[in-house]
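Here's the structure, in structure tokens; my notes come after.
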2 protein chains.
Amino acid sequence: MNTERQPDAVDAILAQWRRERPDLDASPMGTIGRLTRCSALMQRRLDEAFSAFGLSIWEFDMLATLRRTGAPYCLAPTALFSTLMVTSGTMTHRMQRLEASGWVERLVNPEDARSKLVKLTPAGLELIDRAVEAHVQNEHRILAPLNPTDLTALEMSLARLLAVLEPGGE
Amino acid sequence: MNTERQPDAVDAILAQWRRERPDLDASPMGTIGRLTRCSALMQRRLDEAFSAFGLSIWEFDMLATLRRTGAPYCLAPTALFSTLMVTSGTMTHRMQRLEASGWVERLVNPEDARSKLVKLTPAGLELIDRAVEAHVQNEHRILAPLNPTDLTALEMSLARLLAVLEPGGE
DNA sequence: CAGACTTATCTTGATATCAAGACAACTTCC
DNA sequence: GGAAGTTGTCTTGATATCAAGATAAGTCTG
């Protein structure tokens with residue numbers, strides 16, 4: 001495998017730390033710095049596709065989570081905020097916004113009166129079905145510059161890292 | 001290289017999409033989903049180290065950026081918000097907070113009266129020098145479960161992805 | 001079945017962020 | 001040197017987020 005590459009912004013940061021704090025082994029800053037930066041830049045690229053549908057990232061995530069559970073596209077708030085890694089208070093706010101936009105509705109939960117279920121409306125279903133197509137196309141476009149070998153290596157490396165980071169991941 | 005692994009949360013999401021939308025090739029969702037999730041989980045792990053010093057992530061990032069530029073630990077606001085990928089308004093707010101905490105001070109810029117330079121105070125320097133040590137140790141600890149081969153592969157994959165995503169990256 | 005505990009959600013108050021616009025200080029170009 | 005354009009920062013107003021606490025509904029035990 002070819003290991004040559006052009007220096008990037010993170011290399012410059014590492015060089016600064018080597019000069020200022022030669023006592024530290026800052027190598028993990030390179031890995032983690034690139035992870036953070038890749039993720040931030042990726043979110044911006046993804047947002048470009050969502051905004052064409054008038055959706056922000058969190059709106060897309062909410063609707064997509066409901067969509068992929070399958071008919072009747074309905075979940076309890078706890079399932080949503082656990083999956084999406086936000087607090088219950090944030091979820092309350094999000095549900096109110098999406099309900100006001102007409103993309104979800106709240107239903108009485110016959111099995112637990114503490115919950116009100118969240119369900120995609122027909123308009124929400126139609127919207128997310130179109131948006132997810134554009135989203136997947138956009139993702140293909142973003143990753144297109146990577147050749148299949150590099151893409152597979154990236155996939156595998158991230159899976160390994162995720163296994164290390166995932167709560168309960170051993 | 002061993003390519004076997006246990007299914008993770010992202011695999012489950014991909015399986016849902018295959019069932020619901022078999023017409024879509026959702027494979028990039030796996031890569032990008034893991035990237036996003038790794039980054040989010042990583043931020044939480046990093047935050048644990050910062051909070052021991054009473055610092056939030058953005059406070060650490062600000063002080064560390066000033067620290068690694070070397071003496072006199074002084075930058076113009078534009079250099080800071082460009083590096084840290086936030087808006088100028090956010091930077092104004094951050095500088096006010098750090099100044100109130102006594103970790104930075106604002107100086108007249110002799111070369112450009114539109115700027116007031118931001119500089120680490122002695123207290124800020126002392127704090128970030130301690131915090132960055134703990135931070136680097138923490139990063140080593142987080143990545144320790146990865147063997148050297150996997151770590152190198154991750155590093156290389158992220159560098160390639162960053163080159164693709166970085167504005168002006170070709 | 002009643003009290004004690006647990007769980008699911010919502011409320012409240014504080015913050016951090018951005019977008020857009022205001023404004024003053026620089027720079028360019030006649 | 002001065003008008004016109006550019007740049008660097010701050011202000012304003014709207015949002016999204018979290019932590020911590022409140023509240024109501026479910027569950028468990030004796």
Side-chain angles (χ1 to χ4, degrees), chain A residues 36-37 39-41 43-48 50-51 54-63 65-66 74-101 103-119, chain B residues 36-37 39-41 43-48 50-51 54-63 65-66 74-101 103-119:
Chain A
T36 303
R37 206 167 172 88
S39 179
L41 292 169
Q43 297 310 306
R44 295 187 180 184
R45 296 288 294 274
L46 299 184
D47 194 49
E48 293 168 11
F50 303 146
S51 61
L55 291 173
S56 61
I57 292 185
W58 69 260
E59 290 171 315
F60 178 88
D61 284 343
M62 290 275 290
L63 300 182
T65 302
L66 290 166
C74 190
L75 287 171
T78 299
L80 277 166
F81 72 69
S82 309
T83 303
L84 296 171
M85 301 201 291
V86 297
T87 62
S88 61
T90 295
M91 190 49 57
T92 300
H93 179 247
R94 288 184 174 192
M95 293 183 296
Q96 287 169 348
R97 297 299 309 276
L98 291 182
E99 189 176 18
S101 299
W103 295 325
V104 306
E105 55 189 336
R106 305 295 304 271
L107 306 175
V108 169
N109 184 347
E111 303 188 339
D112 189 337
R114 293 171 299 181
S115 289
K116 289 188 72 177
L117 300 175
V118 190
K119 181 181 171 177
Chain B
T36 303
R37 205 167 172 88
S39 179
L41 292 169
Q43 297 311 305
R44 296 187 180 184
R45 297 288 296 272
L46 298 184
D47 195 48
E48 292 168 11
F50 303 147
S51 60
L55 292 172
S56 61
I57 292 186
W58 70 259
E59 290 171 315
F60 177 89
D61 284 343
M62 290 275 289
L63 300 181
T65 301
L66 290 166
C74 190
L75 286 171
T78 298
L80 277 166
F81 72 70
S82 310
T83 303
L84 295 171
M85 301 201 291
V86 297
T87 63
S88 62
T90 296
M91 190 49 57
T92 300
H93 178 246
R94 287 184 173 192
M95 293 182 297
Q96 287 169 348
R97 297 299 309 277
L98 291 182
E99 189 175 19
S101 299
W103 296 325
V104 307
E105 55 189 334
R106 304 296 304 271
L107 306 175
V108 168
N109 183 348
E111 303 187 338
D112 188 338
R114 292 170 300 180
S115 287
K116 289 188 71 177
L117 300 175
V118 189
K119 181 182 172 176

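In what follows, chains carry the letters A, B, and so on, assigned in the order in which the sequence lines appear, proteins first and then strands, with residues in each chain numbered from 1.
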Just jot down the side-chain contact (heavy atoms from CB on, under 4.5 Å) partners of [X], sequence neighbours excluded, or say none.
{"X": "B:Ser56", "result": "B:Trp58, B:Glu59"}
{"X": "A:Thr36", "result": "A:Ile32, B:Gln43"}
{"X": "B:Ser88", "result": "B:Phe81"}
{"X": "B:Thr90", "result": "B:Val86, B:Thr87, B:Arg94"}

Dump the pairs, protein N or O against N or O of nucleotides 23-27 of chain C, anything under 3.5 Å, distances to one decimal.
{"unit_1": "C:dC26", "atom_1": "OP1", "unit_2": "B:Ala113", "atom_2": "N", "d": "2.8"}

Checklist entry - Considering residues at least two apart in sequence or located in another chain, which fulfil the salt bridge (charged side-chain N to carboxylate O under 4.0 Å, His left out) criterion with A:Arg97? => result none
Next on the checklist: Generate the contact string for nucleotides 15-20 of chain D. Rules: B means base contact, S means sugar-phosphate contact only, - means no protein heavy atom under 4.0 Å.
Outcome noted: SSBBS-
Under 3.5 Å, which donor-acceptor pairs do the side chains of residues 104-112 of chain B form with other protein atoms, sequence neighbours left out?
{"unit_1": "B:Arg106", "atom_1": "NE", "unit_2": "B:Lys116", "atom_2": "O", "d": "3.4"}
{"unit_1": "B:Arg106", "atom_1": "NH2", "unit_2": "B:Lys116", "atom_2": "O", "d": "2.8"}
{"unit_1": "B:Asn109", "atom_1": "OD1", "unit_2": "B:Glu111", "atom_2": "N", "d": "2.9"}
{"unit_1": "B:Asp112", "atom_1": "OD1", "unit_2": "B:Arg114", "atom_2": "N", "d": "3.0"}
{"unit_1": "B:Asp112", "atom_1": "OD1", "unit_2": "B:Arg114", "atom_2": "NE", "d": "3.0"}
{"unit_1": "B:Asp112", "atom_1": "OD2", "unit_2": "B:Arg114", "atom_2": "NE", "d": "3.4"}
{"unit_1": "B:Asp112", "atom_1": "OD2", "unit_2": "B:Arg114", "atom_2": "NH2", "d": "2.8"}

Item to check | Selected nucleotide, minimal atom distance to A:Arg106 side chain, candidates D:dT11, C:dT11, C:dC10 | outcome: C:dC10
Item to check | Approximate separation, where rounding is to 0.5 Å, of A:Leu63 CG and A:Leu55 CG | outcome: 6.0 Å
Checklist entry - What is the distance from NZ of A:Lys116 to C1' of C:dT11, rounded to the nearest Å? => result 16 Å
Item to check | Those residues that, when tested against A:Phe50, pass ring-ring contact (aromatic ring centres under 6.0 Å, His included) (two or more places apart) | outcome: A:Phe60, A:His135
